[in-house]
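This is a predicted model, so every value here is computed, not measured. We name chains A, B, ... by the order of the sequence lines, and we start the count at 1 in each one.
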There are 2 protein chains.
Amino acid sequence: MAMATLAQHQHSPDDTIHGHGLRMTGQRRAVYDVLMGERNHPTAVEVFTKVRGQVPNISLATVYNCLETLTDCGLVKIVTHERGPSRYCPNLEDHAHFFCDSCGEVSDLPLRARKRPQDVWEVPENITISHHQVAFRGECPKCAKKKNLKSEARNLKSK
Amino acid sequence: MAMATLAQHQHSPDDTIHGHGLRMTGQRRAVYDVLMGERNHPTAVEVFTKVRGQVPNISLATVYNCLETLTDCGLVKIVTHERGPSRYCPNLEDHAHFFCDSCGEVSDLPLRARKRPQDVWEVPENITISHHQVAFRGECPKCAKKKNLKSEARNLKSK
DNA sequence: AACTTAAATAGGAATTGTTCTTGATAAGGG
DNA sequence: CCCTTATCAAGAACAATTCCTATTTAAGTT
Ligand SMILES: [Mn+2]
Ligand SMILES: [Mn+2]
Ligand SMILES: [Zn+2]
Ligand SMILES: [Zn+2]
């Protein structure tokens with residue numbers, strides 16, 4: 001597993017991959033394009049299904065390999081949540097994730113300017129933080145609206 | 001999966017379990033005691049190994065069942081980190097976790113008074129948050145010290 | 001105390017998501 | 001074009017967890 005470097009300052013994903021002594025193959029490009037296209041935080045299997053449209057006989061293991069390579073090169077981030085399958089995110093900014101419990105949607109929550117997680121949790125100053133991972137769970141606006149409509153309908157009927 | 005209720009205000013774990021229409025069996029008590037004893041965030045297998053001292057022929061599936069029951073009753077929390085095995089925590093206060101990359105130690109980081117995660121990440125006000133999960137990774141003080149001693153020794157030798 | 005009924009357990013099989021292995025294929029530099 | 005090495009497809013293996021089922025246990029009820 002190679003160290004992830006500052007990919008966002010390179011000019012192209014190709015350069016970034018080359019910078020790691022690796023090649024930008026058709027499979028890697030296709031996987032990367034799927035992630036850049038759909039910014040839904042797809043799982044490996046979802047990427048696999050989508051990418052088959054471009055590279056019809058790519059294997060699932062190759063999709064996993066490509067995702068690992070892209071992650072190691074710092075072009076995408078892996079997102080884990082509870083015991084669900086890993087998801088992949090091409091947003092390289094520092095951000096947290098929101099997971100809707102009712103529809104499963106995953107979305108990005110940007111870090112506020114000049115704020116650090118350490119402002120909220122007591123981190124002893126003799127420990128060194130290299131990463132943080134933050135997940136919120138709840139109900140997205142779409143699902144909340146849907147639920148409201150349902151309860152309105154129920155009220156009408158009961159009258 | 002039953003809804004977790006406010007276990008910390010009950011008087012005993014037995015009451016809490018009874019409150020959910022369940023029984024405090026020998027296996028459940030033993031699992032709970034292991035968690036309360038070692039506050040290291042053990043995995044299911046680690047709990048299994050420890051609890052066998054008390055209940056010699058408990059099965060791993062039962063340990064999983066007990067852990068799930070205790071979690072559902074709100075007596076313990078499940079802690080996931082990347083793709084590692086789930087760990088279990090009897091600290092019911094709102095807290096984050098720190099994972100040492102070099103020794104694997106897991107420790108609790110309390111929420112600061114009057115702070116909320118929403119202060120650090122932009123959460124659209126039309127989304128409802130029910131839970132948050134926060135993990136920090138880095139190097140613990142013990143490991144940092146160990147590393148320093150090593151590099152000192154190296155310097156001495158190279159002179 | 002015996003009877004009844006439902007909950008809980010042990011043990012093993014099954015499932016899920018991911019990683020590993022291996023032989024074949026494809027790139028890129030000389 | 002050839003050589004070397006990276007990459008790939010396919011399927012086996014793996015780790016963690018969940019599911020299944022026959023048996024045991026506990027709580028209530030006579
Ligand atoms: Mn994201
Ligand atoms: Mn904890
Ligand atoms: Zn939703
Ligand atoms: Zn450490």
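No engagement by B:T43 is indicated, since no non-hydrogen atom pair under 4.0 Å with the nucleic acid exists.
Legend: residues meeting salt bridge (Lys or Arg N to Asp or Glu O under 4.0 Å) with A:R116, ordered by chain and number and at least two apart, are A:D119. Not counting sequence neighbours, B:Q27 has no partner by the side chain to side chain donor-acceptor pair (under 3.5 Å) test. With sequence neighbours excluded, no residue forms a salt bridge (Lys or Arg N to Asp or Glu O under 4.0 Å) with B:K115.
Sorted by first and then second residue, the pairs that involve residues 22-67 of chain B and meet ring-ring contact (aromatic ring centres under 6.0 Å, His included), not counting sequence neighbours, are B:H41-B:H97. Listed by first then second residue, pairs satisfying salt bridge (charged side-chain N to carboxylate O under 4.0 Å, His left out) with a partner in residues 128-137 of chain A read A:E82-A:R137, A:D101-A:R137, not counting sequence neighbours. Sorted by first then second residue, the side chain to side chain donor-acceptor pair (under 3.5 Å) pairs that include residues 121-132 of chain B, not counting sequence neighbours, are B:D94-B:H132. Screening residues 49-67 of chain A for salt bridge (charged side-chain N to carboxylate O under 4.0 Å, His left out) gives A:E38-A:K50 as the qualifying pairs, with residues at least two apart or on separate chains.
Residue A:L67 contributes atom CG, which lies 13 Å from atom C1' of C:dG17 at whole-angstrom precision. C:dT9 atom P lies 14 Å from atom CZ of B:R52, rounded to whole Å. Rounded to whole Å, atom C1' of C:dT25 lies 12 Å from atom CG of A:N57. One atom, NE2 of A:H20, and another, P of D:dT7, lie 13 Å apart when rounded to the nearest Å. With rounding to whole Å, B:R87 atom CZ is found 14 Å from D:dA15 atom C1'.
Residues from residues 28-42 of chain A placing a heavy atom under 4.0 Å of any atom in DNA chain C do not occur.
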Shorter than 3.5 Å, N or O on both sides, protein versus nucleotides 18-29 of chain D: list them out with atom names.
none

Return the polar atom pairs (N/O with N/O) between nucleotides 12-14 of chain D and the protein under 3.5 Å, or none.
none

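Contact check, B:Q27 against C:dA10: a side-chain N or O comes under 4.0 Å of OP1 or OP2. Considering only side-chain N and O atoms, A:T62 lies under 4.0 angstrom from the phosphate OP1 or OP2 of D:dA9.
Note that the two end axes of the helix from C:dA1-D:dT30 to C:dG30-D:dC1 enclose an angle of 30°, each drawn from 5 base pairs, rounded to 10 degrees.
Linking ILVMFWY side-chain heavy atoms closer than 4.5 Å, directly or via other members, places A:L109 and A:V76 in two distinct hydrophobic clusters.
The hydrophobic cluster containing A:V106, built from Ile/Leu/Val/Met/Phe/Trp/Tyr side-chain heavy atoms closer than 4.5 Å, also comprises A:V79, A:F99.
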Inset, instruction - Show the numbers, then the answer: is there a side chain to side chain donor-acceptor pair (under 3.5 Å) between A:S86 and B:R83? - result: CA-CA 8 Å; A:S86 300; B:R83 301 220 60 82; 2.9 Å; yes
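Set against D:dA10, D:dA9, D:dT17, the side chain of A:I58 has D:dA9 as its closest nucleotide. Nearest to the side-chain atoms of A:P85 among the listed nucleotides D:dC8, C:dA8, C:dG17 stands C:dG17.
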